[in-house]
Amino acid sequence: MSVRQPPLEGERRTAVPGGDEARPAALVPAAGSGGDSADAALLAAPEVVAQSLADYVVAWWRRVRGGESGMLPVLAGMIAIVVIFQAQNSLFLSAGNLVNLLIQAAVFVLLGVGEVFVLLLGEIDLSVGFAAGIGGGLMAALVAPPFNAPWWAAILAALVGNMVMGLVLGTLVTRLRLPSFIVTLAALIGFEGLMIWMFDSLSVAVGGVITVSNRYILDLVSGTLSPAASWIVMVALVVAFGALTFYRDARRRSSGLVAPPWGVSALKVGLAAVAGVVLVLICNTNRGIHSATLHTTVEGVPWAIPIIFAVMLGASFLLARTRFGRYVYAIGGNAEAARRAGVDLVLIRTVAFGLTGLLAGMAGIIYTSWLGSIATDIDGGDYVLYAVAAAVIGGTSLFGGRGKPLHALLGGVVIAAIANGLALLGASAAATYMVTALVLLAAITVDSIARRGQGAGARAKV
Amino acid sequence: MVEALLERGAPLLELQGVEKSFGPVRALDGIDLTIQAGKVTALCGDNGAGKSVTIKIISGIVPADAGEIVWRGRPVRIHTPRDAAALGIATVYQDLALCDNLDIVQNMFLGRETVRAAVLSEAPMEIAARRTLADLHVTTVRSIRQPVASLSGGQRQSVAVARAVLWNSQLMILDEPTAALGVSQTAMVLELVRRLAEQGYAVLIVSHNLNDVFEVADRIAVLHLGQMVAQGDVGQFDRQSVVELMTTGALVRNGAPPPGGPVLDGSRED
């Protein structure tokens, strides 16, 4: 432990006594740098440090133990939920119920993905629930008399309207430098009022309910691809994903850059293929009614699933592969650093609120399509909390800079699974709320412990 | 747009009679300072001597009240940080201004990402970042795709400096670069500073630590209560004289004139 050691070494040694004992060779300077990198690898993504699949697994596991558990807790939680509910009621894993569960999750997922954009900035949007109500109501009213707008125009109008509402909130937060918690809390209250006022002044709203009869809008959720089309679309997507993955790896290698080991990429594509096949098998099972008097056939992937998939793809692309996304993460990580680097904080923050609004609009449309109507009694307050919970349960940080749209997808499915499973068991609303609360608490505890682990590591290094 | 580096020893930036007051407080009283290409200039001074103001003027954060700033032989105006950056002046502050959640490449290119058809093209950025780090012999990082949060203090400093090099800066101002670092980390940063100078960059380093100053500097400039009391090659100073200049503004030991002769001009001695 002389001062001639590579700098990181000396610091880490004192911080992690015993780390050396396992590697006596690390006392030699040359090998010492190897020990250094093993420590640094704690936080580096396994993709960038692994040479082979085995390496990858080792690096990944080390990272999990170092507190970067990623999506592991939510996946473990999901398996636990499935096992518990399936043991209690064998209908839980039936094809019909699983499809139902995914559709239930759709609204949570869309709101959650929207929330991810603002959570990444270290902001929050509490208004998305009633914003969704306004969007759904606007669409439902536009396709009905007296407007009789085409279905696509109604959807477009609702999305634009919601996006503008989000941009207004973003402008208030950024230009007037108001805390987003308070601005969107005001919007939570204000949008409920706006929604009730809108329904009151519309002649199609009967008793605060607008019923949708437009086939296309109803089919967004209840319509299905034919079983054959389901297979074709799934196979095409998996093949495209695989081709893109291997093409990107090959290009990185040919540029002399590190690419994930072949085995890791193959494993990823393989898992995607398995997930796709399972999903299509479930959806293609006839989940119609079979009784002595009635036989109906309902099969194929409901449209809601490819819609969610497209949203996930778009949001992930925006955050991971564009300047806008990079700046969102940068602002969430260190706003001052981003500002000094020339990032337009006001623009990026405002646009993020606009996107949150846009996704709230989509959630409202899917919600309306699912129920076949929209009413002023929509639980906007509950929905926004579920949206934030979905993002956080999945692993997005409330403090900015850490998170992905995929987290909202996993979290949304977990929340829907709890609601669905408890409903199957005939549990009361009281029980549902309390169980959801416990899951949220468990998720944030895992997140907080993970962060504390990282913090200790970071302190040891300074 | 990018000018070649000047040859070693040529004056890159000169402050001539720069003054700055904050209300009644005279922070800089007409200082002269020459920063040479390919050399490390250490700016020393006690608290309140005017080191921070000098840096802020050079990096465009506060404008000077009077005096001339000469860059590569021509007078320039530096009113905003953008002006300074356009000339090729990069300031690495103590807090480093890195995003912990982004990786090394993302931090080095933050705000100037390479895009193709609105999509980030990671490969060229990664290659350029790797080359810059290799040029600076920053080799202790395991992967340039690891988040900055996982780096040591010295490595973070290296990334911040590499970021400045990548963007064609010619003068790096390092504000107390070793203040928060341990012994081995400090050695790493000082080595990096030497390497910058060897590659032709001018470095202005502000430090309280005279060990660091004597280890790394080619030239020393001493400020005392807003006046430049001495300036010259490191060989003309010893630890004792720098301490005396920093604390009293003059050499009391043996009456010998302080190094850098003309800087301590007679007019200010009375």
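Predicted model only: the values in this text are computed from it and were never measured. Chain identifiers are assigned alphabetically (A, B, ...) following the order of the sequence lines, protein sequences preceding nucleic acid strands; residue numbering begins at 1 within each chain.
- The minimum heavy-atom distance between A:R323 and B:R112, with the atom names listed, is NH2-C, 4.0 Å.
- Atom CG of B:L98 sits about 12.5 Å away from atom CD of A:E336, to the nearest 0.5 Å.
- If you measure heavy-atom distances from B:L102 to chain A, the contacts under 4.5 Å come from the side chain alone.
- Among the candidates A:G333, A:G401, A:A341, A:A320, the residue making the largest number of heavy-atom pairs closer than 4.5 Å to chain B is A:A341.
- No more than 12 heavy atoms of other residues, nucleotides or ligands lie within 6.0 Å of CD in B:E215, so this atom counts as exposed by the packing criterion.
- Counting heavy atoms of neighbouring residues, nucleotides and ligands inside a 6.0 Å radius, atom CZ of B:R77 does not exceed 12 of them.
- In the displayed structure, B:R82 atom CZ is contacted under 6.0 Å by at most 12 heavy atoms of other residues, nucleotides or ligands.
- To the nearest 0.5 Å, the span separating CG on A:L257 from CE on B:M125 amounts to 11.5 Å.
- Ion pairing between a basic and an acidic side chain is recognised when a charged N comes within 4.0 Å of a carboxylate O; A:R326 and B:E122 show such pairing.
- Of the listed residues A:G342, A:A335, A:A330, the one with more heavy-atom pairs under 4.5 angstrom with chain B than any other is A:A330.
- Within the 4.5 angstrom heavy-atom criterion, atoms from both the backbone and the side chain of B:A123 approach chain A.
- Looking at every heavy atom in both residues, B:V119 comes nearest to A:F317 through CG2-CZ, 3.6 Å.
- Contacts of B:R130 with chain A are made by side-chain atoms alone, with heavy-atom separations under 4.5 Å and no backbone atom involved.
- Taking CG from B:N107 and CG from A:N334, the interatomic distance works out to 8.5 Å, rounded to the nearest 0.5 Å.
- In this structure, no portion of A:F324 lies under 4.5 Å from any heavy atom of chain B.
- The environment of B:K51 atom NZ is dense: over 12 non-hydrogen atoms of other residues, nucleotides or ligands sit within 6.0 angstrom.
- A:V258 is not listed as a side-chain neighbour of B:S143, based on a closest heavy-atom distance of 4.5 Å or more.
- Contacts between A:R251 and chain B at a heavy-atom distance below 4.5 Å involve the side chain alone, from C-beta outward.
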